[in-house]
Each structure stands twice: as structure tokens, then as C-alpha cells.
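Quick notes on the structure that follows.
These values consider heavy atoms only, across backbone and side chains, with no hydrogens, waters or symmetry-generated copies.
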Amino acid sequence: MAQLSRESLHASVADPVLETISFLNEVMSRHPQAVSFAPGAPHPSFVRTLDGHRYVQRYLDHLADTEGLGRERAQLLLGEYGPSRGLINGLVAAALGQDLGTEVPPQALVVTVGAQEAMFLVLRALFRSPSDLLAVTDPSFPGITGAARLLDIGVVPVPERGDGLDLDRLEAACEQARRQDRRIRLCYVAPDFANPSGSRMDLAARHRLLELAERADFLLLEDNVYGFTAAPGAELPALKSLDHGGRVVHVGSFAKICFPGARAGFVLADQEVRAADGTTRLLADEIAALKSMVTVNTSPWSQALVGGMLLEHGGSLRTLGAEKSRLYRRNLALLTDALDRHVGASPPPGVHWNRPDGGFFVRMTLPVPADAALLEVSAAKYGVLWTPMAGFHLDDTGDRVLRLSCSYLDPEQIETGVRRLAAFLRNELGS
Ligand SMILES: Cc1ncc(COP(=O)(O)O)c(C=O)c1O
């Protein structure tokens with residue numbers, strides 16, 4: 001049997017960022033009785049009640065009747081290879097257009113294997129030279145830093161403040177790159193309830209970021225996975241809605257508003273790409289061409305499921321996500337309320353946390369490193385799990401921070417889990 005040395009493989013295989021998820025799964029499997037605030041996965045009730053057959057039928061009816069394809073052709077479409085850019089682009093474009101408040105041309109969309117593939121393809125398309133850099137919020141979703149690692153793209157961390165990206169630091173990073181004959185090509189940002197920090201950019205910060213992107217000439221990769229959890233009436237416009245200069249590539253996911261097993265997401269890339277001979281295409285065309293060499297096309301069955309769900313909810317992403325949004329806001333309120341009652345009454349010195357208005361996550365700071373050893377104590381002695389934030393950071397500033405996710409739990413589990421967490425904090429950090 002041939003033996004390979006790990007050093008002979010691409011350096012990303014040994015990058016700790018790739019182990020973030022398997023590490024947590026391993027800890028959870030060793031402590032099955034623990035209440036786990038670790039998984040950022042959608043609530044299982046939405047998967048348990050899923051009637052996939054009905055949704056696929058709904059989409060088939062739409063294809064056969066409304067689109068006039070006829071039964072046989074519609075049925076074939078789901079079983080065959082499909083177009084790389086997607087099957088349900090018209091439905092998604094109409095739905096996204098409602099949310100963004102602007103017209104979305106279906107040809108500017110690519111339906112992808114989750115937001116993850118969308119981010120990977122956007123990076124592949126936009127990064128040509130080693131002097132092109134990706135700025136990311138720090139802490140950041142490991143999916144973006146991991147994808148950059150796979151593609152050998154240099155990453156520049158930009159600290160996050162309570163209200164999102166530190167724009168002064170981003171501007172300084174642009175200047176520093178320029179001095180080194182490099183440039184920030186793209187900046188990744190999740191303006192609404194980022195994973196893992198839960199932070200949100202206010203309207204003024206969104207305008208300032210767009211203005212900086214224009215001035216310093218970089219593009220923005222907007223990750224809108226948690227935007228749907230904003231309370232009705234408290235939604236803020238997506239960066240893409242405010243984007244008059246074509247700076248924003250917008251990525252979305254059906255994992256949280258439909259279900260994660262669909263592995264469906266999308267990218268809106270309406271930027272014009274001009275070739276040397278003067279012809280133009282959309283960035284989405286280039287991304288679709290790249291996709292044909294990665295996953296070929298997103299499973300038509302998955303697209304049919306998502307398409308059927310959209311149709312059953314009046315073709316609106318907001319309506320589709322409304323029930324789930326309510327559950328996540330309830331869970332988040334239960335989590336922060338339980339923290340106030342059980343920890344807040346007499347918090348150990350140096351323990352504090354944020355109170356996001358949406359999303360799945362609360363960030364808690366400890367006076368000691370929130371590392372694997374402390375997590376083991378928390379799990380074994382107190383029966384409660386959380387995620388160390390160090391894995392989300394590109395430097396060591398997150399060593400003392402942990403992430404609590406409320407999405408996967410029921411109310412009683414949240415209450416029990418926070419009571420256990422309070423005991424852990426009191427006993428292990430109290431003195
Ligand atoms: C911020 C963020 N972006 C992207 C994704 C990936 O989404 P998908 O499951 O559609 O690939 C996730 C998944 O948890 C996420 O938290």
C-alpha cells in the first residue's frame with residue numbers, strides 16, 4: 001500500500017480550521033447527555049415535519065402547468081443532469097427581489113450546493129493573483145477562511161466591534177496592502193447577526209462600508225444566512241439593496257429557512273465582466289462555468305424541494321422563513337433571559353456576554369481561556385457544552401471567548417443548560 005506523507009499534500013489538509021466541526025462532533029459524541037449549545041444547526045422539528053414528497057409534487061405541478069412543460073418533461077428534468085446555473089432561478093430571483101426591494105434578473109443568479117459552494121466559487125472567480133487579498137471579519141465563519149485556505153488565498157483579518165466590522169481598520173488594511181503592491185480584492189461580511197459573534201451592522205455602518213468599497217476599490221461578499229431572523233419591522237436593508245455601484249456579491253442559503261439536507265443556496269452576482277474583445281458577460285455566468293467543473297449542477301431534486309417550499313409560501317423568502325424566525329427569536333430570548341437570571345445576578349468577575357436581536361448565537365467572554373480543556377470540564381462535570389471561539393479567530397484574541405448557540409434546543413433544554421452553565425462558571429471561575 002502506497003504511503004503518503006501529509007507534508008506532500010496541500011497545506012490546507014492540516015489547517016486547524018478544517019477541524020473545527022469534527023472537534024465539536026467528537027466532544028458531543030463523548031457526552032451524549034450534555035446539553036449542547038454548540039451546534040449552529042437548524043431546529044430538528046423543522047426536519048421532522050418535512051413533507052418532501054408534497055413539495056416536489058408542488059414544483060412538478062408548477063413546471064408542468066404554469067411553465068407549460070407537461071408532466072413527462074417535468075419529471076425528466078428532475079432525474080437528469082441540469083443547467084449549472086440552476087433550475088429554480090426564476091422563483092429565487094422573484095423571491096429575492098421582494099426581499100431586496102430591487103429587481104433581480106434570474107440570469108444573475110446561480111443556485112449552488114449551499115452558501116458554502118457559492119462562497120468557494122466566488123473566491124475562485126475573483127482571485128487571480130497572489131497579490132489579491134481577502135479581508136474577513138475577525139472572528140469569522142470558518143467556511144470562508146477554510147475556502148480561502150483551500151484556494152491559497154491570503155486572508156487579512158479585520159476586527160469586529162459590537163456593531164460589525166471595524167471600518168477604520170479595514171481602511172488601514174487597504175492602505176497597508178497598497179504600500180506592499182497588493183490589494184484587498186474582496187471583503188467578506190455578514191451584516192445581519194454574524195456567525196459566530198451575533199453582531200449586526202447598523203444602517204450608517206452599511207453605507208460607510210459601501211462607500212469605502214467604492215473609494216478603496218474592492219468588492220464585498222455579503223453573507224445573508226441569518227438575515228431572516230430579524231424581527232418583523234426591525235429588518236435592515238441588505239448591503240445588496242443599497243449597492244448602487246455594483247460592489248456587492250450576495251450569498252444566501254436555504255439551509256436555515258428550508259432545511260440543511262437540501263444543500264441548496266444561491267449567489268447573486270450581477271457584475272458585468274468585460275472580455276478583451278469587448279464582449280460582456282455577468283459574473284454569474286463565470287461562476288456557473290466554474291461550477292460545472294466542481295459540482296456540475298445542484299441536485300434538481302433538492303431544487304425541486306426548495307422550489308416547492310417557496311411556491312407553498314407565496315414565492316416569498318420572508319414568508320418561508322417566518323415560522324422559523326419566530327422560533328429562533330423565542331429561543332434567543334429564552335437564552336439571554338436565562339443567562340440574566342442564572343448568571344447575571346452575580347456574574348463571576350470578567351464574565352460578560354452580548355445580547356443580539358437575532359441570529360443563533362450569543363458570545364460570552366470569560367476571565368480564563370475558553371479552550372478544549374475547560375470545555376472538557378464543562379462537559380464532564382456539569383453536562384453542558386459550548387463552542388470555543390478560538391477556532392473562529394485568525395489571531396489569539398478569541399482565546400477567552402465562547403459561543404452559545406440556541407437554534408437546536410427546546411425551551412427546557414435551554415433553561416437546564418444555562419442553569420448548568422451558571423454552576424460551571426460559579427464553581428470553576430468564581431474565585
Ligand atoms: C455564516 C454562515 N454562512 C454560510 C453558512 C453555510 O450555509 P450552507 O449550509 O447553505 O452551505 C453557514 C452555515 O452554518 C453560516 O453560519
How many angstroms lie between atom CD1 of Ile144 and atom CG of Leu134, to the nearest 0.5 angstrom?
5.5 Å
Nearest-0.5 Å distance, CZ of residue Arg263 to OG of residue Ser299
12.0 Å
Assess whether atom CD of Gln75 is packed by more than 12 heavy atoms of other residues, nucleotides or ligands within 6.0 Å.
no
Glu323 atom CD, neighbour heavy-atom count above 12 within 6.0 Å:
no
Does atom NE2 (His10) have a neighbourhood of more than 12 heavy atoms from anything else shown, all under 6.0 Å?
yes
Donor-acceptor under 3.5 Å (Thr137 side chain, Glu160 main chain)
no
Verify, without hydrogens or angle tests, whether Ser316 (side chain) and Thr319 (backbone) share a donor-acceptor contact under 3.5 angstrom.
yes
Have His244 and Glu214 got a donor and an acceptor in their side chains that come within less than 3.5 Å?
no
So which heavy atom on Ala304 is nearest to which on Leu78, and how close?
CB-CD1, 3.7 Å
Would you confirm whether Arg85, through its side chain, and Ala284, through its main-chain N or O, come within 3.5 Å as a donor-acceptor pair?
no
Can a donor-acceptor pair be found between the side chains of Asp223 and Tyr188 at a distance below 3.5 Å?
yes
Nearest heavy-atom contact between Ala125 and Leu283 is CB-CD1, 4.4 Å
Could you please spell out the steps behind the side chain to side chain contact (heavy atoms under 4.5 Å, CB included) verdict for Leu239 and His250?
CA-CA 8 Å; Leu239 288 171; His250 180 93; over 6 Å; no
Check for a donor-acceptor pair, side chain of Ser199 on one end and backbone N or O of Ala194 on the other, with a separation under 3.5 Å.
no
Evaluate the criterion ring pair (Phe, Tyr, Trp, His ring centres under 6.0 Å) for residue pair Phe254 and Phe259; output intermediate values, then yes/no.
CA-CA 6 Å; Phe254 290 108; Phe259 66 108; over 10 Å; no
Does atom CD of Glu26 have more than 12 heavy-atom neighbours from other groups under 6.0 Å away?
yes
Asn354 side chain to Ser197 backbone, donor-acceptor under 3.5 Å:
yes
Inspect the surroundings of CZ in Arg169 and state if more than 12 heavy atoms from other residues, nucleotides or ligands are less than 6.0 Å away.
no
Only one of Tyr226, Phe193, Phe37 passes ring-ring contact (aromatic ring centres under 6.0 Å, His included) with Phe361; say which it is.
Tyr226
Point-to-point distance, once rounded to the nearest 0.5 Å, from CG of Asp132 to CZ of Arg185:
6.0 Å
Is there a donor-acceptor contact under 3.5 Å from the side chain of Thr416 to the main chain of Gln413?
no
Which atom of Leu290 lies closest to which atom of Leu121, heavy atoms considered:
CD1-O, 3.8 Å
State whether Lys240 and Asp270 are salt-bridged, where the test is any N-O pair (Lys NZ or Arg NE/NH1/NH2 against Asp/Glu carboxylate O) under 4.0 Å.
yes
Using modelled atom types and a 3.5 Å cut-off, is there a donor and acceptor pairing between side-chain atoms of His43 and backbone atoms of Ser45?
yes
Evaluate the side chain to side chain contact (heavy atoms under 4.5 Å, CB included) criterion for residues Leu374 and Leu366: first the C-alpha distance (whole Å), next the side-chain angles of each, then the deciding distance (0.1 Å), finally the verdict.
CA-CA 11 Å; Leu374 195 65; Leu366 306 185; 3.7 Å; yes
Nearest-0.5 Å distance that lies between atom CZ in Phe392 and atom CZ in Phe141:
8.5 Å
Any salt bridge between Arg208 and Asp202, counting N to O under 4.0 Å?
no
On a heavy-atom basis, the closest approach of Ala269 and Val249 is CB-CG1, 4.2 Å
Contact check, side chains of Glu376 and His31, non-hydrogen atoms, under 4.5 Å
yes
Arg149 and Ser12: which non-hydrogen atoms are nearest, and at how many Å?
CG-CB, 3.7 Å
Indicate yes or no: at least one non-hydrogen side-chain atom of Phe46 is less than 4.5 angstrom from one of Lys324.
yes
Could you check if a side-chain atom of Phe218 sits within less than 4.5 angstrom of a side-chain atom of Leu133, using non-hydrogen atoms only?
no
Side-chain donor/acceptor of Ser140 to backbone N/O of Val136, under 3.5 Å:
no
Are more than 12 heavy atoms from other residues, nucleotides or ligands located less than 6.0 Å from atom CD of Glu103?
no
Do the side chains of Leu409 and Val35 get nearer than 4.5 Å, heavy atoms only?
yes
I'd like to know if Arg206 pairs up with Asp243 as an ion pair, taking the criterion as any Lys NZ or Arg NE/NH1/NH2 lying under 4.0 Å from an Asp or Glu carboxylate oxygen.
no
Between Asp371 and Arg400, is there a side-chain N and carboxylate O pair less than 4.0 Å apart?
no
Heavy-atom side-chain contact between Leu310 and Val92 under 4.5 Å:
yes
Looking at Arg215 and Glu171, is any side-chain nitrogen of the basic one under 4.0 Å from a carboxylate oxygen of the acidic one?
yes
Val248 side chain near Leu219 side chain, heavy-atom distance below 4.5 Å
no
Taking the side chain as everything from C-beta on, heavy atoms only, tell me whether Val273 gets closer than 4.5 Å to Asp285.
no
Main-chain N/O of Pro42 paired to Ser407 side chain as donor or acceptor, under 3.5 Å:
no
Where is the tightest heavy-atom contact between Asn331 and Cys406, given as atom of each residue plus distance?
ND2-O, 2.9 Å
The test is side chain to side chain contact (heavy atoms under 4.5 Å, CB included); show your working for Leu282 and Gln107 and say whether it passes.
CA-CA 8 Å; Leu282 293 178; Gln107 66 273 21; 3.8 Å; yes
Rounded to the nearest 0.5 Å, what's the gap from CE on Met309 to OH on Tyr59? Could you check?
15.0 Å
Heavy-atom side-chain proximity of Val113 to Lys291 below 4.5 angstrom
yes
Using a strict threshold of under 4.0 Å (side-chain N to carboxylate O), is an ion pair present between Glu428 and Lys381?
yes
Glu211 side-chain N/O to Leu209 backbone N/O, donor-acceptor pair under 3.5 Å
no
Output for pair (Leu63 CG, Leu76 CG), nearest 0.5 Å, gives 11.5 Å
Verify whether one side chain among Thr365 and Trp353 offers a donor that lies under 3.5 Å from an acceptor in the other.
no
